[in-house]
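Below, chains carry the letters A, B, ... as their sequence lines are ordered, and counting in each starts from 1. Scope of the values below: all heavy atoms of this structure, side chains included, with no hydrogens, waters or symmetry mates.
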Protein chains: 2
Amino acid sequence: MARLVDVIEDMIKEMIDENNGIATINRSALAEQANCVPSQITYVLSTRFSSGQGYIVESRRGGGGQITVTRVDFLNKFEYLKEMIDAIGDAVTQQQARILLEGAVSAGAITKRDAIIIMSAVSDRALGLVETETRSKVRARIMKNLLLALISE
Amino acid sequence: MARLVDVIEDMIKEMIDENNGIATINRSALAEQANCVPSQITYVLSTRFSSGQGYIVESRRGGGGQITVTRVDFLNKFEYLKEMIDAIGDAVTQQQARILLEGAVSAGAITKRDAIIIMSAVSDRALGLVETETRSKVRARIMKNLLLALISE
DNA sequence: ACACTTTGACTTTCTTTGACAATTAGATTA
DNA sequence: TAATCTAATTGTCAAAGAAAGTCAAAGTGT
């Protein structure tokens, strides 16, 4: 028979998958669903969802309390940004920049906020004073610097 | 079910938003609206609108008494960034940019992280391809765009 | 034998409620 | 006018309620 820990682990992972990388758990409700005591959930969380395993677990006690489990993918994020920097290369147009940033957001590599910030720095409006011949090159350079700053922080 | 505290917190924040950063509250009326005892309002105020969270709460008892909640952080931040944009003007050197950003961080107007990001976009390294005569002007333009993006987010 | 699971009693934290106290503006009275 | 009363407000505090956390003892599988 499958071990309880495994059952619960799967349940939580499924919740995470179904919900964009974030599961919001009501401990006692989940315990009831899995037919076990609430502290079992705590046990699974601490043995299978540690930060070393790529998860962030936050919780609140008291009325309306809850546990949230977030899956973070540092490696992928890092890889993604590196590839993005490659893709930018020596020059990038405003359109290309926008597309790259949108892709990064939906891949979860950067936040929407950061995308907006970066876009505001490399828009044609921001770079209006740069001659059109070099503009795409300047844009590429700024954008790569911004992405590197995001990575190494 | 949504927590009562959260509901009330949102109600108050909405009032603040709708009214220029200042909410004037009648405790018992708000309690009735939220379907709770008046002291619940007091509880929310003390746990969610402390000065550490950027709010000033003042009150008066007795006939015609009331509670006012003022948001300070956002206003100050906003003002600070506006002045910063003024200070940048048409042109700004790398040194000046760094000093302005450090000031903004210690004033709490922007986070250290954002300062690093902005600096990475306006450093001489990022703007290396821009001719030296126009570089300070380009830098000013990018920096102002970035700050505006921060403000309006 | 050992490491890992499962259970449950007890603890800690946060929220909700209600009774009672303090304060104030305005009306009433001496 | 000055003092007093009254009604309208907010403040305080402790108890009850609603989660999640801890830890040690008992159970299981290899």
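One can place CD1 of B:Ile25 at 12 Å from C1' of D:dT10, the figure rounded to the nearest angstrom. Summarising the geometry, the separation between CG on A:Leu30 and P on D:dA20 is reported as 10 Å, rounded to the nearest angstrom. Per the geometry, CZ belonging to B:Phe49 stands 14 Å off P belonging to D:dG11, to the nearest Å. Counting to the nearest Å, the C1' atom of C:dA3 and the CZ atom of A:Arg3 are 11 Å from each other. The nearest whole Å value for the distance from the CD1 atom in A:Ile67 to the C1' atom in D:dA20 is 6 Å. The interatomic distance linking A:Ile12 (CD1) with D:dA20 (C1') rounds to 14 Å, in whole Å. Protein atom CD of A:Glu9 is 12 Å distant from nucleotide atom P of C:dT6, rounded to whole Å. Straight-line distance from the CD atom of A:Gln40 to the C1' atom of D:dA20: 15 Å, rounded to whole Å.
Within the structure, every side-chain polar atom (N or O) of A:Asn26 is placed at least 4.0 Å from both OP1 and OP2 of D:dA18. Taking only side-chain nitrogens and oxygens, B:Ser59 comes nearer than 4.0 Å to OP1 or OP2 of D:dG11.
For the pair B:Arg48 and B:Ser39, nearest-nucleotide mapping onto DNA chain C gives the more 5' position to B:Arg48. A residue-by-residue look at A:Thr47 and A:Val37 shows that A:Thr47 has its nearest nucleotide of DNA chain C further toward the 5' end.
Salt bridge status for B:Asp114 with A:Arg113: present, with a side-chain N to carboxylate O gap under 4.0 Å. A salt bridge is defined here as a Lys NZ or Arg NE, NH1 or NH2 lying under 4.0 Å from an Asp or Glu carboxylate O, and A:Asp10 with A:Lys13 fails to meet this definition. Using a 4.0 Å cut-off between charged side-chain N and carboxylate O, B:Asp90 and B:Arg141 make no salt bridge.
Judged by atom type and distance alone, B:Arg60 does not reach the base of C:dT24 through any side-chain donor-acceptor pair under 3.5 Å. Looking at B:Arg61, its side chain comes within 3.5 Å of the base of C:dA22 through a donor and an acceptor atom.
Residues B:Leu100 and B:Phe78 share a hydrophobic cluster, clusters being chains of Ile/Leu/Val/Met/Phe/Trp/Tyr side chains in contact below 4.5 Å.
Here the nucleotide nearest the side chain of B:Arg27, chosen from C:dT16, D:dT10, D:dA20, is D:dT10.
Within 4.0 Å (heavy atoms only), B:Gly65 reaches sugar-phosphate atoms of the nucleic acid but no base atom.
Surrounding CG of A:Asn20 are at most 12 heavy atoms belonging to other residues, nucleotides or ligands under 6.0 Å away.
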